[in-house]
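Computed from a prediction, not measured in an experiment: that's the story for all the values here.
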Amino acid sequence: MDISIIFRIAAVGVLVAVLNQVLLRAGREEQAMLTTLAGLVVVLFWVIQYVSTVFETMETMFRF
């Protein structure tokens with residue numbers, strides 16, 4: 001597992017938090033929610049690859 005994924009997730013988190021606050025203060029609650037949801041989807045797409053690898057490794061490890 002590469003450490004850069006942690007930094008990418010942190011960067012997306014910071015960016016989404018800043019955009020969320022800016023949009024909330026501008027009175028655009030719907031866009032703030034959509035920005036948060038988009039950040040979550042991006043991070044989930046990155047993480048799902050690692051979860052798939054973990055399940056494949058466990059499957060091969062416990063195969064008889």
Side-chain angles (χ1 to χ4, degrees):
M1 186 169 185
D2 194 18
I3 191 93
S4 67
I5 188 74
I6 295 172
F7 291 123
R8 281 193 264 162
I9 291 171
V12 168
V14 169
L15 181 66
V16 166
V18 169
L19 284 173
N20 192 4
Q21 288 300 314
V22 168
L23 289 170
L24 283 176
R25 299 212 189 266
R28 300 183 179 260
E29 290 84 13
E30 294 86 11
Q31 286 87 358
M33 187 212 35
L34 288 175
T35 303
T36 304
L37 185 61
L40 178 66
V41 168
V42 167
V43 169
L44 284 178
F45 273 128
W46 289 341
V47 171
I48 199 76
Q49 296 170 355
Y50 290 104
V51 172
S52 173
T53 304
V54 167
F55 282 132
E56 288 173 2
T57 304
M58 288 177 61
E59 181 182 2
T60 58
M61 193 166 66
F62 291 115
R63 189 177 293 161
F64 292 111

Examine Val43 and Val14 and state if one hydrophobic cluster contains both, with Ile, Leu, Val, Met, Phe, Trp and Tyr joined whenever side-chain heavy atoms are less than 4.5 Å apart.
no
Run Val18 and Leu15 through side-chain contact (heavy atoms from CB on, under 4.5 Å) and show every step you take.
CA-CA 5 Å; Val18 169; Leu15 181 66; 5.7 Å; no
Got a sec, which residues hit side chain to side chain contact (heavy atoms under 4.5 Å, CB included) with Val51, two or more places apart in sequence or on another chain?
Val47, Phe55
So do Leu19 and Val22 actually touch side chain to side chain, heavy atoms under 4.5 Å?
no
same_hphob_cluster(Phe45, Leu40) at 4.5 Å side-chain heavy-atom cutoff:
no
Which side-chain N or O atoms in residues 25-37 pair as donor and acceptor under 3.5 Å with protein atoms at least two apart or in another chain?
unit_1 : atom_1 : unit_2 : atom_2 : d
Thr35  : OG1    : Gln31  : O      : 2.7
Thr36  : OG1    : Asn20  : ND2    : 3.4
Thr36  : OG1    : Ala32  : O      : 3.0

Quick one: which residue pairs count as a salt bridge (charged side-chain N to carboxylate O under 4.0 Å, His left out) with a foot in residues 44-56, not counting sequence neighbours?
none
Report, as yes or no, whether the 6.0 Å neighbourhood of atom CG on Leu44 holds more than 12 heavy atoms from other residues, nucleotides or ligands.
yes
Do Ile48 and Ile6 belong to the same hydrophobic cluster, where Ile, Leu, Val, Met, Phe, Trp and Tyr are linked whenever their side-chain heavy atoms lie under 4.5 Å apart, directly or via other members?
no
Once side chain to side chain donor-acceptor pair (under 3.5 Å) is applied, do any residues pair with Thr57, and if so which ones, sequence neighbours excluded?
none
In the single-linkage hydrophobic clustering (I, L, V, M, F, W, Y; side-chain heavy atoms under 4.5 Å), do Ile9 and Val12 co-cluster?
yes
Does Met61, at its CE atom, have more than 12 non-hydrogen atoms belonging to other residues, nucleotides or ligands within less than 6.0 Å?
yes
Distance from Trp46 atom CH2 to Ile5 atom CD1, nearest 0.5 Å?
6.0 Å
Report yes or no: do Leu23 and Val16 belong to one cluster of Ile/Leu/Val/Met/Phe/Trp/Tyr joined by side chain heavy-atom distances under 4.5 Å?
no
